[in-house]
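The next block holds one structure in the form of C-alpha cells; read it before the comments.
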Amino acid sequence: MSFPPPPTHLTRPDLSGRFGMVASTHWLASSSAQAVLERGGNAFDAATAAAFVLHVVEPHLNGPGGDMTAVFATADDPTPVVLMGQGPAPAAATIAHVRAEGLDLVPGAGALAAAVPGAVDAWLLLLRDHGTWALGDVLEYAIDYALGGHPVLRNVCTTIGQVEQLFREHWTTSADRWMPEGRIPQPGEIVFSRTYGGLLRELASAAAGLAREAGIDAARALWRERVGRAAEDFARTPHRHSDGADHAGVITAQDVAAFEASCEPAVSIEFRGHTIAKTGPWGQGPVLLQALQILDGFDDARLDPSTEIGAHTILEALKLALADRDAWYGEDVDPELLAHLLSEEYAAERRALIGDAASHEVRPGTVPGRPEPHLPLLRETYEPGVGGVGEPTLKVDALETDARGVTRGDTCHLDVVDRWGNIVSATPSGGWLQSSPEIPELGFCLGTRLQMSWLDERSPSRLRPGRRPRTTLTPTLVLRDGAPVIALGSPGGDQQDQWQLLMLLRVLVGGYTPQQAIDAPALHTTSMHGSFWPRTWTPGGAVVEDRLGAEVIAGLESRGHVVTRAGDWALGRLSAVTRDPASGLLGAAANPRGAQGYAVGR
C-alpha cells in the first residue's frame, strides 16, 4: 500500500460474491436491479430497470425529461463503449433568441433551458441492443412504485419545501403534483407518480406482442410522439424562470422526434497499469483523464488526498484540467486537439505550473496551431432568481436555498456487473422536479441542461441549435489488461470527476478497497467556471470535509487555498462495482453520506 492505511472501520462492507453486484444512489433502485439479476436478466436488463425506478423514487435528482450518459462493456467484447443520452438544443434555441429575452446566461430553471430529453431513449436503446428481457418486464418495477406508491425521501420533501412559494405562485401544475392536498408531504409518506406510471404502461403495451427488439422500437416511437407533442404545447406558455421573469420554452415536437440516442467509442488513457475510459469532450469526462496525466508525473507521496501536499497537488491539477474544459471542450472538438490535451507532453507542460502556493487564476493551456484559448466571463457573484438551478451536491453553498425558492438539483448514479462479465456505469440526471413546471399530460417536467451552454459565440460550448450542451455527466470504466475491473461514478455536477479522481488515486495508487476509498474524506475545487447557473466561481476555492483534519486544512490555508469546511460527511456520493477477470469474483461499494446509497449482491 502506497498511502498510509485507511481507518479499519467501514461504514458498510466491501461486498463480494460471484453472481451479480449492483450499487446506486437509492436502495430501491439497487434492490430492483438485483431482483432482475436473480430472475436471469443480465446487467443491461438490471440497469435499465433500476434507471426507471430512479425516475420515480429520486425525482429531485433526475427525471424522464432529463439526460444520461453511460460507459459499458459486454461479456463478448470488453471494449468500452459510451452510451450517449444527452439531447441537443432545440432548433429555435439560439443565442440571439435568448439574448432577445433580456438574458446574458441561459436560465437555470424553466423550459427555455430545456434540451431535448435523452435519458429514456438511451435506456431503451441499451435494452434493445444488449439486454435480454421484454420491455414490459423491465418496466414492471418502476410501474409498481409509480402506481402502487413508495415512501418519499426526506430530501424530496425538503426540496419541495424550498420551492413551495414558487410552486404555489407560478408553477401551479407542480404544486398540484407535489402538494395535492395543499401541503408538503412528510418523509416516509407514501407518494405516487400515477401519470408517469400510466405512460410507462403505454410503452409496455406498445411493445407487447411484438418481437423483443421491434417492441422496444415501437415504444421509443410512442415516447417521442407523446413527449414531443405535450412538451411543445406546454412550454409555449410563458412561465417563471430563474432570472425572475417569465419566458416561453422553444422545444417542439419535431425536436423530440429528430433525436435518437447513440453509442460511440470511449476516450481513454493509461494510468498505473489501468485503462481509464470516459466520454468524449462533449462531456467533461476528459477532465479526469487530463488530471490523471498531470498527476502521473508526481511521486506517490503527492497523490494521497489525505495529506497536505497531496490535497494541494490534486486541487492544483484539477484547476488546470477544468480550465482546459472551459476553454477547449465542446461538441465539435476534433480528435487531433483532444489527443494533444491528453498527451504526456502536454501534461508535463501543465504539471510544471503547479507550485507550492494555490493558484487563484483560471489557466487554460495553449495548443500549437490553434488560436489563443478563450474563456467566458468570470463572475464571483450573480444575483439569483427562483427555481431549481444546478447540481453541486454541496449543502454549504449559499445558493442552496433562499426565501425566493432557489434550490439545487443533483444527479443519480448506478453501477451493475453480472456473472457473465457484462458491466455498466451510468449517470442519469436532469428533469428534476424543481427544474421547470410539471407537464400534466406526462407527469414529469423538462430538464435544464442548456444552462451549461454559453451565450458567447467564441466559446466551444456555446449554445447552438441541434448541438449537445457540454454536460457534466461522467461515468467511468476502468480496465486492466483489456478487461473491465471497476465501474464507478458519482452525482455532483462539476465535482463528479473530482470525487472520482480521489477514489481512483486511493484504489489504484494507495491500495484502498473501493469502500475504503468511498468512506475516506473528500475535497474539491471551486476555482473554475461553474457549469450551472449562475455560473460563478471562487478564486482559489477549496471545499473539504472536516475529517481531512485540522492540520491538513490549516496547511492548505497557509498555501493560499480559500477553504470551506463542509462537515464531516458531506462531499461525494460515489458508488462502484468491481470484477476480477482471473477469478470471476465480483464486488460492490456504496456511499454512506445521506444514508441513501446502497450496494447489494451475492
Side-chain angles (χ1 to χ4, degrees), residues 32-33 36 39-56 62-68 70 72 74 81 83-88 115-147 193-234 251-264 422 424 426 428 431 439-444 446-447:
S32 297
V36 173
R39 290 170 55 187
N42 70 13
F44 307 113
D45 301 315
T48 305
F52 281 94
V53 169
L54 287 172
H55 288 164
V56 176
N62 81 140
D67 25 56
M68 66 84 70
F72 69 90
T74 68
V81 176
L83 173 64
M84 194 288 294
Q86 176 56 65
V116 175
V120 167
D121 193 65
W123 285 115
L124 296 184
L125 176 67
L126 182 72
L127 179 67
R128 186 196 71 181
D129 291 352
H130 300 288
T132 63
W133 277 25
L135 179 60
D137 294 332
V138 169
L139 296 181
E140 172 187 330
Y141 302 88
I143 291 172
D144 179 66
Y145 288 124
L147 301 181
S193 301
R194 293 189 177 98
T195 302
Y196 181 52
L199 179 55
L200 293 182
R201 273 190 168 172
E202 289 185 48
L203 299 184
S205 296
L210 300 174
R212 199 186 74 86
E213 292 81 359
I216 294 171
D217 280 338
R220 294 171 73 194
L222 177 62
W223 170 263
R224 294 189 188 97
E225 191 277 325
R226 292 275 277 108
V227 172
R229 173 172 46 81
E232 178 177 351
D233 290 346
F234 186 81
I251 193 169
T252 68
Q254 180 55 41
D255 292 321
V256 177
F259 173 74
E260 289 191 16
S262 60
C263 290
E264 60 188 54
N422 300 299
V424 57
I439 302 175
E441 186 179 342
L442 300 176
F444 58 85
L446 296 172

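Nothing fancy with the numbering, it's 1 onward along the sequence.
Remark: D137 CG to L127 CG distance equals 10.0 Å, nearest 0.5 Å. Atom CZ in F234 sits 14.5 Å away from atom CZ in R229 (nearest 0.5 Å). Of the inter-residue distances, the one linking F44 atom CZ with T74 atom OG1 reads 6.0 Å to the nearest 0.5 angstrom. For the atom pair OH (Y145) and CZ (F52), the distance works out to 16.0 Å, reported to the nearest 0.5 Å. With rounding to the nearest 0.5 Å, the separation of OG in S205 from CG in L200 is 11.0 Å. Between atom CG of residue L203 and atom CZ of residue R220 there is a gap of 12.0 Å, rounded to the nearest 0.5 Å.
Side-chain contact between H55 and Y196 is present, with at least one heavy-atom pair separated by less than 4.5 Å. Looking at heavy atoms from C-beta onward, R226 lies in side-chain contact with E441 at the 4.5 angstrom threshold. Side chains of V227 and L442 form a contact here, defined as non-hydrogen atoms less than 4.5 Å apart.
Between P428 and M68, the closest heavy-atom pair is CA-CB, 3.7 Å. When all heavy atoms of A207 and I216 are compared, the pair lying nearest together is CB-N, 4.2 Å. Nearest heavy atom pair, residue V56 against residue S193, reads CG1-OG, 3.9 Å. In terms of heavy atoms, A206 sits closest to L222 at CB-CD2, 3.9 Å. Heavy-atom minimum distance, A122 versus G85: CB-CA, 3.6 Å. The shortest heavy-atom contact between L83 and C263 is CD1-SG, 3.9 Å.
Here the rule is side chain to side chain contact (heavy atoms under 4.5 Å, CB included) with R128, and of L126, L125, L124 only L125 fits it.
The closest donor-acceptor contact from the side chain of D144 to the backbone of Y141 lies at 3.5 Å or more, if one exists at all. Checking side-chain atoms of D121 against main-chain N and O of A261 turns up a donor-acceptor pair under 3.5 Å. A donor-acceptor contact shorter than 3.5 Å links the side chain of D45 to the backbone of N42.
More than 12 non-hydrogen atoms from other residues, nucleotides or ligands lie less than 6.0 angstrom from CZ of R212.
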H130 and F72: ring pair (Phe, Tyr, Trp, His ring centres under 6.0 Å), yes or no, with the steps? CA-CA 10 Å; H130 300 288; F72 69 90; 5.0 Å; yes
Given the rule in the side-chain contact (heavy atoms from CB on, under 4.5 Å) test, do W123 and V138 qualify, once you have shown the distances and angles that lead to the verdict? CA-CA 11 Å; W123 285 115; V138 169; over 6 Å; no
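Taking the centre of each ring, F259 and W223 stay at or above the 6.0 Å mark.
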